[in-house]
Amino acid sequence: DTAVSQTPKYLVTQMGNDKSIKCEQNLGHDTMYWYKQDSKKFLKIMFSYNNKELIINETVPNRFSPKSPDKAHLNLHINSLELGDSAVYFCASSQGWGTPSGNTIYFGEGSWLTVV
Amino acid sequence: AQSVSQHNHHVILSEAASLELGCNYSYGGTVNLFWYVQYPGQHLQLLLKYFSGDPLVKGIKGFEAEFIKSKFSFNLRKPSVQWSDTAEYFCAVYGGSQGNLIFGKGTKLSVKP
(Lines give C-alpha, C1' and ligand atoms only; values in the text may rest on other atoms or scores of the structure.)
Protein backbone atom coordinates (compact mmCIF):
# COMPACT_ATOMS: atom_id res chain seq x y z
CA ASP A 1 0.00 0.00 0.00
CA THR A 2 1.37 3.37 -1.00
CA ALA A 3 1.51 5.67 2.01
CA VAL A 4 1.60 8.97 0.15
CA SER A 5 0.25 8.81 -3.36
CA GLN A 6 0.04 11.58 -5.90
CA THR A 7 -1.39 11.78 -9.39
CA PRO A 8 -0.52 12.24 -12.13
CA LYS A 9 3.06 11.06 -12.07
CA TYR A 10 3.85 12.71 -15.38
CA LEU A 11 2.17 15.74 -16.87
CA VAL A 12 3.08 17.59 -20.05
CA THR A 13 1.02 20.66 -20.79
CA GLN A 14 1.08 23.91 -22.69
CA MET A 15 1.76 27.35 -21.29
CA GLY A 16 -1.32 29.09 -20.06
CA ASN A 17 -3.19 25.95 -19.11
CA ASP A 18 -4.58 25.21 -15.65
CA LYS A 19 -3.72 21.89 -14.05
CA SER A 20 -4.10 20.08 -10.75
CA ILE A 21 -2.01 17.52 -8.92
CA LYS A 22 -3.75 15.39 -6.35
CA CYS A 23 -2.27 13.93 -3.19
CA GLU A 24 -3.59 11.47 -0.67
CA GLN A 25 -2.00 9.90 2.40
CA ASN A 26 -3.26 6.84 4.23
CA LEU A 27 -0.97 7.18 7.24
CA GLY A 28 -3.44 9.02 9.43
CA HIS A 29 -1.13 12.02 9.54
CA ASP A 30 -2.29 15.49 10.49
CA THR A 31 0.19 17.49 8.42
CA MET A 32 0.72 17.56 4.68
CA TYR A 33 3.14 19.46 2.48
CA TRP A 34 3.98 20.38 -1.08
CA TYR A 35 7.62 20.63 -2.04
CA LYS A 36 9.06 21.72 -5.37
CA GLN A 37 12.26 20.24 -6.78
CA ASP A 38 13.80 22.32 -9.53
CA SER A 39 16.06 21.25 -12.38
CA LYS A 40 19.09 21.51 -10.10
CA LYS A 41 17.48 19.09 -7.66
CA PHE A 42 16.95 21.76 -5.04
CA LEU A 43 13.98 20.99 -2.79
CA LYS A 44 11.95 23.78 -1.31
CA ILE A 45 8.78 23.89 0.74
CA MET A 46 5.79 25.52 -0.92
CA PHE A 47 2.89 24.90 1.42
CA SER A 48 2.03 23.06 4.59
CA TYR A 49 -1.35 22.21 6.02
CA ASN A 50 -2.07 20.98 9.53
CA ASN A 51 -5.54 19.57 10.11
CA LYS A 52 -6.77 21.20 6.91
CA GLU A 53 -5.46 24.61 7.91
CA LEU A 54 -2.74 26.42 6.01
CA ILE A 55 0.28 26.93 8.27
CA ILE A 56 3.14 27.53 5.82
CA ASN A 57 2.83 29.53 2.65
CA GLU A 58 6.23 30.32 1.23
CA THR A 59 6.85 32.92 -1.42
CA VAL A 60 4.99 31.20 -4.19
CA PRO A 61 3.10 32.91 -7.03
CA ASN A 62 -0.60 33.11 -6.31
CA ARG A 63 -1.18 31.06 -9.44
CA PHE A 64 -0.48 28.14 -7.11
CA SER A 65 -3.39 27.32 -4.83
CA PRO A 66 -3.46 24.38 -2.44
CA LYS A 67 -6.71 22.86 -1.28
CA SER A 68 -7.19 20.44 1.57
CA PRO A 69 -10.71 18.98 1.61
CA ASP A 70 -9.78 16.76 4.55
CA LYS A 71 -6.72 15.70 6.54
CA ALA A 72 -5.87 12.92 4.12
CA HIS A 73 -5.84 15.05 0.98
CA LEU A 74 -3.87 18.05 -0.20
CA ASN A 75 -4.28 19.01 -3.82
CA LEU A 76 -2.28 21.57 -5.75
CA HIS A 77 -3.90 23.65 -8.44
CA ILE A 78 -1.82 25.74 -10.81
CA ASN A 79 -3.32 28.44 -13.00
CA SER A 80 -1.83 29.94 -16.15
CA LEU A 81 1.14 27.61 -16.26
CA GLU A 82 4.51 29.10 -17.21
CA LEU A 83 7.68 27.50 -18.54
CA GLY A 84 9.38 28.09 -15.20
CA ASP A 85 6.82 25.95 -13.44
CA SER A 86 8.43 22.86 -14.95
CA ALA A 87 9.70 20.86 -12.00
CA VAL A 88 9.00 17.84 -9.88
CA TYR A 89 6.37 18.43 -7.23
CA PHE A 90 6.46 16.24 -4.16
CA CYS A 91 3.63 15.79 -1.75
CA ALA A 92 4.54 14.73 1.77
CA SER A 93 3.02 14.14 5.17
CA SER A 94 4.00 13.89 8.81
CA GLN A 95 2.21 12.86 11.97
CA GLY A 96 2.27 16.31 13.47
CA TRP A 97 3.74 19.74 13.13
CA GLY A 98 6.34 21.23 15.39
CA THR A 99 6.43 18.26 17.75
CA PRO A 100 9.37 15.88 18.10
CA SER A 101 7.33 12.78 17.48
CA GLY A 102 5.88 14.17 14.30
CA ASN A 103 9.00 15.26 12.59
CA THR A 104 9.53 12.40 10.17
CA ILE A 105 8.20 13.47 6.82
CA TYR A 106 7.21 10.86 4.27
CA PHE A 107 7.23 11.72 0.59
CA GLY A 108 5.12 10.72 -2.35
CA GLU A 109 6.64 9.56 -5.59
CA GLY A 110 6.58 12.96 -7.21
CA SER A 111 4.78 14.50 -10.13
CA TRP A 112 6.96 15.46 -13.08
CA LEU A 113 5.44 18.58 -14.61
CA THR A 114 6.73 19.80 -17.97
CA VAL A 115 5.33 23.00 -19.43
CA VAL A 116 5.92 23.48 -23.15
CA ALA B 1 16.89 31.15 9.87
CA GLN B 2 17.78 27.51 9.54
CA SER B 3 19.98 26.37 6.70
CA VAL B 4 21.73 23.22 5.59
CA SER B 5 25.00 22.99 3.69
CA GLN B 6 26.20 19.98 1.80
CA HIS B 7 29.76 20.57 0.73
CA ASN B 8 30.09 18.05 -2.04
CA HIS B 9 28.07 18.58 -5.18
CA HIS B 10 29.17 15.41 -6.95
CA VAL B 11 31.14 12.51 -5.55
CA ILE B 12 32.48 9.73 -7.76
CA LEU B 13 33.68 6.51 -6.17
CA SER B 14 34.57 3.01 -7.21
CA GLU B 15 32.72 0.08 -5.74
CA ALA B 16 33.95 -0.96 -2.28
CA ALA B 17 35.30 2.52 -1.55
CA SER B 18 34.30 4.18 1.68
CA LEU B 19 31.90 7.10 1.62
CA GLU B 20 31.52 10.18 3.74
CA LEU B 21 29.17 12.99 2.74
CA GLY B 22 29.36 16.20 4.67
CA CYS B 23 26.39 18.06 6.10
CA ASN B 24 26.38 21.15 8.30
CA TYR B 25 23.36 22.96 9.61
CA SER B 26 22.72 26.26 11.27
CA TYR B 27 20.11 26.37 13.99
CA GLY B 28 20.60 27.11 17.64
CA GLY B 29 17.71 25.14 19.06
CA THR B 30 16.80 21.49 19.24
CA VAL B 31 16.98 19.95 15.80
CA ASN B 32 15.94 16.74 14.20
CA LEU B 33 18.27 15.66 11.41
CA PHE B 34 17.64 13.46 8.42
CA TRP B 35 19.29 11.95 5.40
CA TYR B 36 17.11 11.14 2.42
CA VAL B 37 18.12 9.32 -0.75
CA GLN B 38 16.64 9.81 -4.19
CA TYR B 39 17.44 7.12 -6.74
CA PRO B 40 17.29 8.19 -10.39
CA GLY B 41 13.73 9.00 -11.37
CA GLN B 42 12.33 8.09 -7.99
CA HIS B 43 10.99 9.76 -4.89
CA LEU B 44 12.74 10.63 -1.68
CA GLN B 45 13.28 7.79 0.75
CA LEU B 46 14.33 8.15 4.36
CA LEU B 47 17.78 6.70 5.02
CA LEU B 48 18.10 7.58 8.68
CA LYS B 49 17.20 10.19 11.25
CA TYR B 50 18.44 11.63 14.50
CA PHE B 51 16.11 12.93 17.17
CA SER B 52 18.03 12.42 20.41
CA GLY B 53 20.19 9.91 22.28
CA ASP B 54 23.10 8.08 20.71
CA PRO B 55 24.69 10.49 18.24
CA LEU B 56 25.73 7.63 15.98
CA VAL B 57 22.66 6.64 14.03
CA LYS B 58 22.36 3.56 11.86
CA GLY B 59 20.03 3.55 8.90
CA ILE B 60 19.02 1.30 6.09
CA LYS B 61 21.33 -0.25 3.50
CA GLY B 62 24.42 -0.04 5.71
CA PHE B 63 24.43 3.74 6.06
CA GLU B 64 25.17 5.54 9.29
CA ALA B 65 25.52 9.15 10.35
CA GLU B 66 27.10 10.89 13.28
CA PHE B 67 25.64 13.94 14.94
CA ILE B 68 28.36 16.22 16.32
CA LYS B 69 26.63 19.06 18.08
CA SER B 70 29.76 21.14 18.60
CA LYS B 71 30.42 21.12 14.88
CA PHE B 72 26.77 21.44 13.80
CA SER B 73 27.43 18.46 11.59
CA PHE B 74 25.60 15.30 10.60
CA ASN B 75 27.83 13.48 8.14
CA LEU B 76 26.69 10.38 6.31
CA ARG B 77 28.99 7.38 6.04
CA LYS B 78 29.12 3.95 4.49
CA PRO B 79 32.19 1.72 4.75
CA SER B 80 31.82 0.10 1.33
CA VAL B 81 29.62 1.49 -1.43
CA GLN B 82 27.93 -0.47 -4.17
CA TRP B 83 26.94 0.48 -7.67
CA SER B 84 23.32 0.46 -6.50
CA ASP B 85 24.10 3.33 -4.13
CA THR B 86 24.29 5.68 -7.11
CA ALA B 87 21.75 8.35 -6.22
CA GLU B 88 21.25 11.88 -4.94
CA TYR B 89 21.61 12.28 -1.18
CA PHE B 90 19.89 15.05 0.77
CA CYS B 91 20.59 16.17 4.27
CA ALA B 92 17.69 17.93 6.01
CA VAL B 93 16.99 19.61 9.30
CA TYR B 94 13.66 20.00 11.05
CA GLY B 95 13.43 22.76 13.57
CA GLY B 96 10.10 23.17 15.29
CA SER B 97 9.98 26.92 14.78
CA GLN B 98 9.61 26.54 11.04
CA GLY B 99 7.57 23.39 11.07
CA ASN B 100 9.03 21.85 7.96
CA LEU B 101 12.14 20.24 6.58
CA ILE B 102 14.90 22.44 5.28
CA PHE B 103 16.97 20.60 2.70
CA GLY B 104 20.55 20.93 1.62
CA LYS B 105 21.21 21.19 -2.10
CA GLY B 106 22.00 17.51 -2.36
CA THR B 107 25.09 15.48 -3.22
CA LYS B 108 25.10 13.32 -6.28
CA LEU B 109 26.91 10.04 -5.72
CA SER B 110 28.11 8.07 -8.71
CA VAL B 111 29.56 4.64 -8.03
CA LYS B 112 31.59 3.06 -10.80
CA PRO B 113 31.29 -0.72 -11.08
Side-chain angles (χ1 to χ4, degrees), chain A residues 2-7 9-10 21 23 25 27 29-51 53-60 66 74 88-112, chain B residues 1-6 8-11 21 23 25 27 29-53 57 59-60 65 67 74 86-110:
Chain A
T2 303
V4 183
S5 58
Q6 49 186 113
T7 56
K9 185 167 184 176
Y10 300 102
I21 307 172
C23 178
Q25 53 94 4
L27 296 167
H29 288 168
D30 288 339
T31 308
M32 296 186 72
Y33 311 80
W34 278 108
Y35 279 82
K36 179 180 179 180
Q37 186 176 42
D38 61 24
S39 58
K40 295 183 179 179
K41 300 286 190 179
F42 185 53
L43 277 153
K44 191 171 180 185
I45 185 77
M46 298 175 69
F47 302 102
S48 177
Y49 272 71
N50 188 53
N51 279 319
E53 289 189 20
L54 181 66
I55 53 172
I56 294 174
N57 184 355
E58 291 296 303
T59 307
V60 175
L74 180 61
V88 185
Y89 294 85
F90 286 99
C91 179
S93 73
S94 65
Q95 184 177 344
W97 178 80
T99 57
S101 62
N103 290 356
T104 300
I105 297 182
Y106 297 90
F107 286 83
E109 295 191 348
S111 294
W112 271 254
Chain B
Q2 297 155 4
S3 66
V4 179
S5 298
Q6 291 182 242
N8 311 104
H9 177 63
H10 190 186
V11 172
L21 301 181
C23 173
Y25 66 93
Y27 181 61
T30 301
V31 292
N32 301 142
L33 296 158
F34 303 81
W35 276 97
Y36 283 86
V37 60
Q38 186 178 27
Y39 296 103
Q42 295 191 27
H43 66 293
L44 289 156
Q45 299 175 43
L46 183 66
L47 264 183
L48 49 79
K49 60 187 178 185
Y50 172 80
F51 283 178
S52 64
V57 180
I60 60 171
F67 169 56
F74 189 56
T86 295
E88 193 95 20
Y89 291 81
F90 294 92
C91 182
V93 62
Y94 188 111
S97 65
Q98 290 198 230
N100 74 88
L101 277 177
I102 308 296
F103 284 90
K105 293 194 173 183
T107 297
K108 182 177 179 179
L109 172 65
S110 299

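We use all heavy atoms of the structure for the numbers below, so side chains are in, but hydrogens, waters and symmetry mates are not. Quick note on labels: first sequence line is chain A, next is B, and so on, each numbered from 1.
With a 4.5 angstrom heavy-atom cutoff, B:Lys105 touches chain A via backbone and side-chain atoms both. Using a 4.5 Å cut-off between heavy atoms, B:Gln42 touches chain A through its backbone atoms (N, CA, C, O) alone. For B:Gln38, the part lying under 4.5 angstrom from a heavy atom of chain A is the side chain only. For a residue to count as touching a neighbouring chain, one of its non-hydrogen atoms must lie under 4.5 Å from one of that chain's; by this rule B:Leu44 touches chain A with backbone and side chain alike.
Looking only at side-chain heavy atoms (C-beta outward), B:Tyr36 and B:Leu101 come within less than 4.5 Å of each other. With contacts defined as side-chain heavy-atom distances shorter than 4.5 Å, the pair A:Ser111/A:Phe90 does not qualify. Within the 4.5 Å cutoff, the side chain of B:Tyr50 has no heavy atoms near those of the B:Leu48 side chain.
Counting all heavy atoms, side chain and backbone alike, A:Gln6 lies closest to A:Tyr89 at NE2-O, 2.8 Å.
Note on A:Lys9, A:Lys40, A:Gln37: by heavy-atom pairs under 4.5 Å with chain B, the leading option is A:Gln37.
The OG atom of B:Ser5 sits 12.5 Å away from atom OH of B:Tyr25, with the distance rounded to the nearest 0.5 Å.
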